[in-house]
Amino acid sequence: KKHIDRYRYLTGFAHADQFNITPETFWLPGEWRPFIERFGTCAVQHGESNFWIVKPVGQSRGRGIRLVNHLSDISYGDNVVVQRYMMNPMLIDRHKFDLRLYVLVTSFQPLEAFVYREGFARLSTVQFSTNPRDMQNKFIHLTNSSIQKENREFRGATSHTTVSRTRSAAVGVGVDDGGGEDDQEESPFHTTTRASRLSAAAA
């Protein structure tokens, strides 16, 4: 968070808008006061649909991650990261997904990086929903393989695939993949890499 904010607010940096890539984020308990103020504002606007995702510090494989829509669900002493939940994420066949991409950076001055084209994608096993009644269904909201494999209704099918297959599926449901090899940096599948290049240019 702090490194992304550094470039978002860097004076005179022409590409600052390229770093507007994360939802509102608060570190607790250090940012408790601005968090509760923002939470209250959003609660007035969105009511029960004021979703926030809470992520414990120092955990992995989806452990301890939960969605909340009431301030009473969070304790002041919790050492967590809290983010506004994305209510309209990009979906594949109405399911959430994330991408694991691998980048080898061999030099920062000048910047030289190599992207491994065939990473992998992880998918949820239940169709996406923003109904408050589904808020605690981790098979909807978390894409971690360690979580999805516990879905007994999933019957052993894989919850992950390759980036190329995911890209093909996205194009199949009308998502613009950026146009071809020459335009790949504008694809949603290359946003992180593009931001990395811009940050180096500002250094």
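All of these numbers come straight from a predicted model, not from anything done at the bench.
- Considering all non-hydrogen atoms of both residues, N69 and P132 come closest at ND2-CB, 4.4 Å.
- Residues passing the side chain to side chain donor-acceptor pair (under 3.5 Å) test with S129 are D134, sequence neighbours excluded.
- The closest side-chain heavy-atom distance from L28 to Y76 is not below 4.5 Å.
- In this structure, the side chain to side chain donor-acceptor pair (under 3.5 Å) partners of R133, at least two apart in sequence or on a different chain, are N131.
- Between V105 and L111, the closest side-chain pair of non-hydrogen atoms falls below 4.5 Å.
- Side chains of E48 and H70: a donor-acceptor N/O pair is present below 3.5 angstrom, by distance only.
- Residues R94 and F128 fail the side-chain proximity criterion, which asks for heavy atoms closer than 4.5 Å.
- A centroid separation of 6.0 Å or more is found between the aromatic rings of H46 and F51.
- Between T143 and R122, the shortest heavy-atom distance links the atoms O-CB, 3.4 Å.
- Using a 4.5 Å heavy-atom cutoff, the side chains of F35 and I74 are in contact.
- How far OH of Y85 is from CG of N50: 14.0 Å, rounded to the nearest 0.5 Å.
- Side-chain contact between Y116 and L104: absent, with no pair of heavy atoms (C-beta onward) separated by less than 4.5 Å.
- Applying the salt bridge (Lys or Arg N to Asp or Glu O under 4.0 Å) test to pairs two or more places apart or on separate chains, those with a residue in residues 71-92 are E24-R84, R66-D78.
- Across S124 and L142, no two heavy atoms sit closer than the pair CB-O, 4.2 Å.
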(message) Determine whether W52 and R38 satisfy the following criterion, side-chain contact (heavy atoms from CB on, under 4.5 Å), listing intermediate values before the conclusion.
(response) CA-CA 11 Å; W52 294 74; R38 183 57 177 155; 4.0 Å; yes
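- Following chains of ILVMFWY side-chain contacts shorter than 4.5 Å, one can reach V115 starting from F108, so the two form part of one hydrophobic cluster.
- Minimum heavy-atom separation, V103 to A113: CG1-CB, 4.0 Å.
- Between P56 and R63 the shortest side-chain heavy-atom distance does not fall below 4.5 Å.
- Note that CD1 of I92 and CZ of F97 are 4.5 Å apart. Values are rounded to the nearest 0.5 Å.
- The closest side-chain heavy-atom distance from I65 to I53 is below 4.5 Å.
- Listed for the Q83 side chain is no donor-acceptor partner under 3.5 Å among the backbone atoms of T22.
- A chain of hydrophobic side-chain contacts below 4.5 Å, direct or via other Ile, Leu, Val, Met, Phe, Trp or Tyr residues, connects M87 to L67.
- Nearest heavy atom pair, residue M135 against residue V68, reads SD-C, 3.9 Å.
- Residues V126 and N151 come closest through the heavy atom pair CG2-ND2, 3.7 Å.
- Two rings, from F26 and W32, have their centers 6.0 Å or more apart.
- Side-chain contact between R61 and I147: absent, with no pair of heavy atoms (C-beta onward) separated by less than 4.5 Å.
- Cluster annotation: V80 and L71 are assigned to the same hydrophobic cluster (Ile/Leu/Val/Met/Phe/Trp/Tyr, side-chain heavy-atom contacts under 4.5 Å, transitive).
- A donor-acceptor pair under 3.5 Å is formed between the side chain of Q148 and the backbone N or O of T125.
- A distance of 4.0 Å separates CD in E112 from CZ in F114, rounded to the nearest 0.5 Å.
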